[in-house]
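Taking it in order: structure first as structure tokens, then the write-up.
Below, chain A is the first sequence line, B the second, and so on; all start at residue 1.
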Amino acid sequence: MIGSPRARRTATLLVCYGIVGAFMVFFLFPPYWMALTSLKTNQEIESLEGIPLIIQQGATLKHYRDLFTKTDFLVYLKNSVLVTVPTVLVSMVISVMAAYALSRLGFLGAGVIGTGVFLVYLVPDSLLFIPLFKVIGGLGLLNSKWSLLVVYPTAIVPFCTWLLIGYFASIPRELDEAALVDGANHFQMLVRIFLPVAVPGLIAATIFAFTVSWSGFLYPLAFIYSSSEQVLTAGTVTSLIKGDVYHWGGLMAGALLASLPPVLLYAFLMDYYISGLTAGSTKA
Amino acid sequence: MAQVLMKDLNKKYDEVHAVKDVNLHVRDKEFIVLVGPSGCGKSTTLRMVAGLEEITAGEITIGDRVVNDLPPKDRDIAMVFQNYALYPHMTVYDNMAFGLKMRKFPKAEIAKRVGDAAEILGIQELLRRKPRQLSGGQRQRVAVGRAIVRHPQVFLFDEPLSNLDAKLRVQMRVELKRLHDRLETTAIYVTHDQVEAMTLGDRVVVMKDGWIQQVGEPLELYSKPANRFVAGFIGSPAMNFMDVAVTDAGGALWVESNGLRVKVPPVHAGRLGAYRGQHVTLGIRPEDLRVATGADSGDYAFDTVVDVVEPLGSEILLDLKAGDHALVARVEPTVRVKEHEQLRLALQPERLHFFDLKTELSI
Amino acid sequence: MGRVSPDTAAVHAAAPARVTPARARLLVRLRSRSAVGIVMTLPLILLIVGLVAYPFFYAIYLSLLNKRETAFVGLDNFRFLLTRDTFWLVVQTSFLFTSLAVLWKAILGLTLALVIHTLPPRGQRVWRGLSLIPWVMPLALSSLGWWWIYEPTHSALNWVLVLLGFSPKSWLAEPFWARFSVTLVNIWYGTPFFMITYLAGLKSIPQELYESSAIDGANAAQRLRYVTLPMLKNIIAITLLFSTIVTLATFDIVRVLTRGGPREWTHLFGTYAFELGIASGDVPLGAAVSLFMFPILAVSAFFILRGIRRSTS
């Protein structure tokens with residue numbers, strides 16, 4: 001029963017790979033099923049014959065073609081880009097300035113603000129969307145994509161500021177002092193020393209900002225009702241569903257394409273993404 | 001080139017009085033070393049000269065300007081930090097050029113100065129590299145290079161060698177000394193390592209608890225320590241201290257305690273006379289002890305028991321017991337003794353040190 | 001004796017109390033630093049005050065109005081909610097959903113983290129990378145995918161069940177299975193976050209602890225019990241609390257899969273508030289519903305902050 005250490009190690013590894021394999025099936029089946037459906041013909045989707053887990057009657061790009069030619073998908077895509085780009089820029093500028101001030105200029109109340117920022121980050125969007133609905137109405141931005149530019153930073157800036165405070169705090173103070181002796185002022189210090197050194201933090205924060213802005217669903221659903229102003233998430237969910245017959249192929253094609261930007265960003269910048277994600281509980 | 005004057009310099013944080021009434025005149029072209037245990041105020045003093053710490057009270061003059069209210073960049077100083085503080089995202093060249101760029105030097109002048117400094121330090125091949133691609137010693141050189149391209153009036157060094165391994169530290173020490181001989185720029189150097197202080201400094205400032213204990217040339221500190229702290233801090237292994245009573249017998253002064261009785265040599269007799277009947281601290285450096293021979297006078301010899309033998313090759317350190325006292329002797333490598341053996345030691349009478357028990361000042 | 005250089009004052013003199021001019025200068029410099037700091041933090045402060053603090057108090061105000069927002073009705077909205085069976089169903093669903101989802105996410109996340117941590121380091125990157133895909137996809141859109149998976153006649157889940165000899169279910173139409181389905185999607189979405197956090201925690205445990213406990217004779221289970229779990233205690237606590245907040249506030253999954261149905265059995269606070277406040281136009285009642293989340297959030301936030309303070313100090 002007690003094998004050699006090597007045999008035991010092999011047995012352990014086999015069990016581990018089995019468990020990891022089961023998790024991978026669980027995690028990856030939904031995107032696989034979505035991709036599969038988006039490539040099937042309507043007849044095959046409707047059919048009750050055969051094995052649904054593979055494509056049997058030949059793949060088609062029809063659903064993707066239809067998405068661009070017969071639906072408002074491109075309008076949603078354009079709106080999503082128009083909202084996300086300025087949201088990310090504005091949020092990053094606010095976060096960088098605040099994080100620099102809070103981590104290095106140690107003024108009265110900086111500690112309180114730092115804690116406050118973290119608490120605000122914990123406020124979920126489903127707590128305040130109703131008063132924000134009224135605020136957006138008051139600003140005359142109901143049913144405008146620009147309403148999102150107003151509310152998204154509230155979900156982004158606190159976390160990004162908090163994340164960047166951590167990154168800035170890890171820059172040794174001697175680096176500031178060297179720059180001070182070298183003759184740099186506050187602005188030069190931020191732009192020429194802090195930002196270049198904190199690039200990993202900036203990337204992690206930017207990814208977060210992008211993801212929140214791109215994936216947001218509740219705010220556009222609550223604030224926007226015209227198709228011409230809608231963004232990808234809410235647009236795909238609400239307007240691509242037409243009538244009682246669900247066009248599963250088209251729906252899955254839309255959902256998959258709309259998911260692609262954050263997934264690609266993640267694929268290329270995985271380490272930055274993860275460092276931002278784990279900062280929440282392991283670093284502090 | 002400039003002199004640096006510190007007048008009644010004080011630094012107080014909320015609860016800590018870190019620097020107390022420091023008065024120091026660093027002469028032009030002098031290499032001065034501030035040395036002391038951690039928390040003695042040496043770094044704080046240096047940082048006040050750099051302008052990185054507010055001055056609580058007192059005055060600092062560099063050249064003929066009072067610099068109290070000048071930001072670091074206007075003080076014409078350059079600093080080398082303990083962790084080098086190289087900008088990780090810049091090449092070696094850009095690290096060295098940064099201070100000059102901030103001061104809007106023309107490109108050609110920057111290139112010339114960086115080139116010159118790189119040549120002096122032997123880092124020409126490294127100019128395109130990033131700090132993380134360098135070894136500790138190379139980083140150290142770049143940090144020094146960043147300081148010298150500026151041609152400042154004063155160099156400030158904040159424990160620049162303490163992150164290097166022992167061998168490299170010795171090598172860089174020599175290089176820094178050579179560099180100073182060549183550039184002749186006033187330098188203030190902070191370290192906790194007394195060997196570094198003794199080898200580098202034209203003069204050495206010993207600090208403790210925010211106070212200056214003594215200022216002097218290295219050998220002066222070694223042979224004539226102002227107080228017990230300096231005596232114990234300078235020299236390795238440290239000086240042996242013993243609490244002894246001053247007695248009068250047969251027309252001569254003696255110091256004695258359990259297991260030890262030594263005649264006070266004539267050079268000290270005058271000053272110790274006032275302590276007759278009282279206790280003082282006797283200090284003997286380990287290197288001033290040797291194994292007694294038949295020819296040694298009994299007045300300057302005493303019996304010990306060997307506790308631990310530490311052969312170091314070029315010498316042997318002996319941990320000994322003389323009565324209640326534990327002491328260390330540094331003897332010739334040819335001496336053959338075993339642990340627990342009896343050993344009679346002789347001392348150099350003219351090299352004894354005596355300190356007041358209360359004030360700890362040298363007698 | 002010439003031992004003390006002429007440059008040096010006598011050792012141990014009393015310190016003079018001349019600090020006034022220096023203190024004045026210090027204040028000036030501090031003030032300018034503060035000014036720069038406050039200016040740079042101002043956009044953040046305005047954002048928080050204008051779009052978080054103000055809306056929060058505005059929500060409280062709104063919740064005290066009547067449906068047409070013309071009259072002040074005191075706590076009537078809250079009292080009304082407490083008499084409604086639907087509201088109590090929302091409370092029940094929220095409690096069940098949050099506690100079960102958080103628990104399972106933690107268990108599965110820890111299991112997966114431990115398993116991946118055991119694998120050879122080279123492969124770990126790949127498994128870690130693939131595991132995070134559910135977390136990276138926009139939740140509203142992946143929920144759409146799940147919606148299709150749960151489809152009873154044409155889709156995969158029932159096909160597999162039948163293949164394995166079970167009877168097919170109408171996943172989103174029966175109360176129990178609808179709740180199950182919604183919870184399962186949340187577990188699918190959130191487990192990667194737990195896994196990645198625990199994995200980072202595992203990597204931060206010094207290897208020497210395992211080596212010394214192995215020398216002390218601990219087996220794998222004992223090492224888990226006496227080394228791993230105590231070392232991860234703080235991270236586990238923080239992720240649990242953090243996830244409690246996020247899970248309680250879930251909106252996308254329920255909105256896409258069930259819209260709260262069947263017969264309001266899957267409504268959470270967020271979706272119910274949306275239904276009342278935005279879809280049915282009773283803003284004050286919707287505001288009141290979402291405010292019920294606040295005490296739970298506040299308590300969790302308090303403990304998270306305490307946990308983080310403790311792990312940093």
Ranking C:Leu139, C:Leu199, C:Ile48, C:Leu163 by heavy-atom pairs under 4.5 Å to chain A gives rank one to C:Ile48
Applying a strict 4.5 Å limit to non-hydrogen atoms, the region of A:Leu221 in contact with chain C is both
Counting heavy-atom pairs under 4.5 Å with chain A, the top scorer among C:Thr111, C:Val39, C:Leu108 is C:Leu108
List the atom pairs, with distances to 0.1 Å, where a side-chain N or O of residues 91-98 of chain A and a protein N or O form a donor-acceptor pair under 3.5 Å, not counting sequence neighbours.
| residue | atom | partner | partner atom | Å |
| --- | --- | --- | --- | --- |
| A:Ser91 | OG | A:Thr87 | O | 2.6 |
| A:Ser95 | OG | A:Ser91 | O | 2.6 |

Okay, A:Leu119 and chain C: the region with an atom under 4.5 Å from a heavy atom over there is side chain
One option among A:Val123, A:Ile51, A:Val90 has the most heavy-atom pairs under 4.5 Å with chain C, and it is A:Ile51
Among A:Tyr100, A:Trp214, A:Tyr17, the residue with the most heavy-atom pairs under 4.5 Å to chain C is A:Tyr17
Looking only at A:Thr161, A:Leu256, A:Leu128, most heavy-atom pairs under 4.5 Å shared with chain C are made by A:Leu128
d(A:Phe118 CZ, C:Leu305 CG) to nearest 0.5 Å is 6.5 Å
Interface check, chain C: of A:Pro262, A:Ser215, A:Pro52, A:Ala255, most non-hydrogen pairs under 4.5 Å belong to A:Pro52
Flag, side chain of C:Tyr58 to backbone of A:Leu132, donor-acceptor distance under 3.5 Å: no
Evaluate the ring planes of A:Trp33 and C:Trp148, with Trp represented by its six-membered ring, and classify them as parallel (under 30°), tilted (30 to 60°) or perpendicular (over 60°). parallel
Ranked by heavy-atom pairs below 4.5 Å to chain C, first place among A:Val120, A:Leu218, A:Thr233 goes to A:Leu218
Rounded to the nearest 0.5 angstrom, the CD1-CH2 distance for A:Ile274 and C:Trp135 is 12.5 Å
The side chain to side chain contact (heavy atoms under 4.5 Å, CB included) partners of A:Ser147 (sequence neighbours excluded) come to A:Ile136, A:Leu141, A:Phe223, A:Ile224
Scored by heavy-atom pairs under 4.5 Å with chain C, the best of A:His186, A:Lys134, A:Arg104 is A:Lys134
Bottom line for A:Phe23: the part with an atom under 4.5 Å from chain C's heavy atoms is side chain
When rounded to the nearest 0.5 Å, the distance separating CG of A:Asp125 from CG of C:Asp252 is 7.5 Å
Check your understanding: Do the ring centers of A:Trp248 and C:Trp147 come within less than 6.0 Å of each other?
Key -> yes
Here the gap from A:Leu28 atom CG to C:Ser131 atom OG, rounded to the nearest 0.5 Å, amounts to 7.5 Å
Original post:
Would you say C:Trp146's side chain and A:Pro30's backbone share a donor-acceptor pair under 3.5 angstrom?
Top reply: no
